[in-house]
Amino acid sequence: LGLRVTGAGSFATALKGAGYAVSEVGNFLKDAFGMAPDALKGVLEGAGYAAGEVKDFFVSIGGAFADFFGDGGHALDPTSW
């Protein structure tokens, strides 16, 4: 998983630098790399997307990703500190 996250992180950083929105990058990484919410959150924020953008994206796709912030992921969300 570490190598996958590292590769995904580099890819996400490049796409953010090219102007892609968090939803475009996040959906691609989620589908192509099969990333779970915690890993995807780390990769997106590591690429430079703001915590609020990531949270809004997770809520928009629903399921386990929306639940991530409702089920303890809020502790990882700086807007809840």
Side-chain angles (χ1 to χ4, degrees):
L1 179 64
L3 183 58
R4 181 184 311 186
V5 170
T6 300
S10 297
F11 193 70
T13 300
L15 289 175
K16 175 154 180 22
Y20 286 89
V22 68
S23 59
E24 296 171 302
V25 177
N27 277 316
F28 176 79
L29 295 176
K30 177 179 66 72
D31 296 340
F33 288 85
M35 298 184 84
D38 57 342
L40 184 58
K41 178 185 181 295
V43 166
L44 291 173
E45 289 181 355
Y49 292 103
E53 286 180 288
V54 175
K55 180 178 179 180
D56 291 346
F57 165 63
F58 275 31
V59 169
S60 75
I61 58 175
F65 290 86
D67 293 343
F68 178 76
F69 283 96
D71 294 338
H74 67 278
L76 302 175
D77 178 11
T79 62
S80 69
W81 296 344

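Shown here for Val43 and Met35, the closest heavy-atom pair between the two residues is CG2-CE, 3.4 Å. The shortest non-hydrogen separation linking Gly26 to Leu40 is O-CD2, 3.9 Å. The two residues Val25 and Tyr49 come nearest to each other via the heavy atoms CG2-OH, 3.2 Å. Listed here is the closest heavy atom pair of Phe57 and Asn27: CZ-N, 3.5 Å. Between Gly46 and Thr13, the shortest heavy-atom contact is O-OG1, 4.4 Å.
By the ring-ring contact (aromatic ring centres under 6.0 Å, His included) test, Phe28 pairs with Phe11, sequence neighbours left out.
No cation-pi contact links Lys41 to Phe58, judged by a cut-off of 6.0 Å to the six-membered ring centre and 45° from its axis.
The structure places CD1 of Ile61 at 12.0 Å from CG of Asp56, a figure rounded to the nearest 0.5 Å.
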